[in-house]
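Numbers restart at 1 for each chain; the letters A, B, ... are given by sequence-line order, proteins then strands.
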There are 2 protein chains.
Amino acid sequence: MTIPNPRNLDSLDARIILALDKDPESSALALSRTLGVARNTVHARLARLERSGALSSFSRRLDPAALGYGLIAFLSLAISQTRAGSVENGLEAIPEVIEVHATTGDADLMAKVVARDTADLYRITNQILEIEGIQRTSTAISVLEFMPPRFDGLLNRLAKQESRPPE
Amino acid sequence: MTIPNPRNLDSLDARIILALDKDPESSALALSRTLGVARNTVHARLARLERSGALSSFSRRLDPAALGYGLIAFLSLAISQTRAGSVENGLEAIPEVIEVHATTGDADLMAKVVARDTADLYRITNQILEIEGIQRTSTAISVLEFMPPRFDGLLNRLAKQESRPPE
DNA sequence: TAGAAGTTGAGCAGAAATCCCAATGCCGTC
DNA sequence: GACGGCATTGGGATTTCTGCTCAACTTCTA
């Protein structure tokens with residue numbers, strides 16, 4: 001690590017990940033040539049990324065549409081605070097609920113849900129309403145993915161932040 | 001492909017991805033042994049997953065917290081429909097905006113934003129408000145990641161859907 | 001100044017990838 | 001029922017990469 005870093009990743013990590021974005025097939029050896037660092041360094045960095053938990057599961061790379069779930073919706077859930085545990089288990093049991101955040105406000109949850117179609121979404125919504133502790137839901141269907149999940153902007157900023165080796 | 005499939009992925013694809021989730025280090029040869037299919041098949045499937053776009057960028061596996069962005073917020077943006085292009089470009093230019101959906105309702109956007117801290121989020125929010133076409137914003141800060149993004153539930157369902165080879 | 005940490009270059013044995021090919025079983029179609 | 005695609009399978013040969021170690025060097029830190 002070149003500088004005392006409040007983050008877990010530094011410039012080289014970012015450049016490695018960006019290079020892997022361009023070509024996920026490239027080997028550690030190819031990366032070292034591209035980035036101008038030693039192969040051992042790339043190897044050590046990748047190993048550390050895995051160990052530190054900076055990289056999450058492989059399935060995170062999935063496109064839900066490829067699984068047949070082309071519909072994305074965001075549900076606001078009003079819950080009773082005393083039933084938080086029950087709500088957590090209930091949501092966990094529904095595979096279509098792929099992400100949940102507890103947000104500011106009066107015990108509100110924000111859930112990201114995928115579905116095959118609107119009928120499927122209706123079924124899932126009812127399933128959620130049956131969970132003990134859920135008081136109200138409000139659904140916002142994504143009609144267009146304005147911007148697919150991305151990290152390259154943040155990575156590019158980080159990659160350029162520190163000194164770069166000559167290319 | 002065993003069956004005519006409305007989806008892009010079938011049971012074997014799902015099982016390959018699940019196995020890679022358990023052990024991202026496992027090779028195609030190890031996967032073939034684990035899953036009971038030929039090594040060439042695993043190789044062909046992985047190649048197709050990459051080509052078909054079912055797997056998105058490598059950076060999707062990133063944990064934003066590792067980049068120093070520990071704060072997650074969801075912004076509801078009310079926009080004027082006539083300025084949709086301007087809004088798109090404006091949001092694109094802000095790296096902290098990592099995901100945007102156009103939702104049902106009166107020309108509303110839902111944006112997922114990361115920030116270093118609340119002050120950073122305040123700065124970003126102001127930056128968004130300066131975009132031509134943005135009328136109002138409403139911010140919901142994630143105080144707890146109730147359920148981190150996951151796909152294993154959907155994958156497991158898909159993996160069990162069709163006939164499995166004896167193990 | 002001394003120590004810790006990261007990077008580097010080198011080497012090496014074993015494993016894996018990347019090709020090839022032909023045979024097979026399963027499908028919908030003609 | 002015969003046919004041509006399509007995916008899978010098994011085997012083999014060559015090239016490449018991985019995984020690991022080690023010592024030397026630079027840089028930042030205490």
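Of the residues in residues 50-58 of chain A, none has a non-hydrogen atom less than 4.0 angstrom from any atom of DNA chain D.
Counting to the nearest Å, the P atom of D/dG19 and the CG atom of A/L31 are 13 Å from each other. The separation between A/I16 atom CD1 and C/dT7 atom P is 9 Å, rounded to whole Å. Between the CZ atom of A/R48 and the C1' atom of C/dT7 there is a distance of 11 Å, rounded to whole Å. The CG atom of A/D10 sits 10 Å away from the P atom of C/dG6 (whole-angstrom rounding).
Taken from CG in A/L20 to OG in B/S57, the straight-line distance is 10.5 Å, to the nearest 0.5 Å.
For residues 72-91 of chain A, the set of pairs meeting the salt bridge (charged side-chain N to carboxylate O under 4.0 Å, His left out) definition, not counting sequence neighbours, comprises A/R83-A/E132.
Residues A/D63 and B/S56 bring no donor and acceptor atom of their side chains to less than 3.5 Å of each other.
Relative to the side chain of A/L12, the nucleotides D/dT9, C/dT8, C/dT7 differ in distance, and C/dT7 lies closest.
Take B/E145 and apply the side-chain hydrogen bond (donor to acceptor under 3.5 Å, both in side chains) test, not counting sequence neighbours, and it matches no residue. Checked against salt bridge (charged side-chain N to carboxylate O under 4.0 Å, His left out), B/R60 has no partners two or more places apart in sequence or in another chain. For A/R39, there are no salt bridge (charged side-chain N to carboxylate O under 4.0 Å, His left out) partners, not counting sequence neighbours.
Taking a cutoff of 4.0 Å between a charged side-chain nitrogen and a carboxylate oxygen, B/D152 and B/R157 do not qualify as a salt bridge.
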Under-3.5 Å N/O pairs linking protein and nucleotides 16-19 of chain C:
| from | atom 1 | to | atom 2 | distance (Å) |
| --- | --- | --- | --- | --- |
| C/dA17 | OP1 | B/A28 | N | 2.9 |
| C/dA17 | OP2 | B/L29 | N | 3.4 |
| C/dT18 | OP2 | B/H43 | NE2 | 2.7 |

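Counting all heavy atoms, side chain and backbone alike, A/I72 lies closest to A/K112 at CG2-CE, 3.9 Å.
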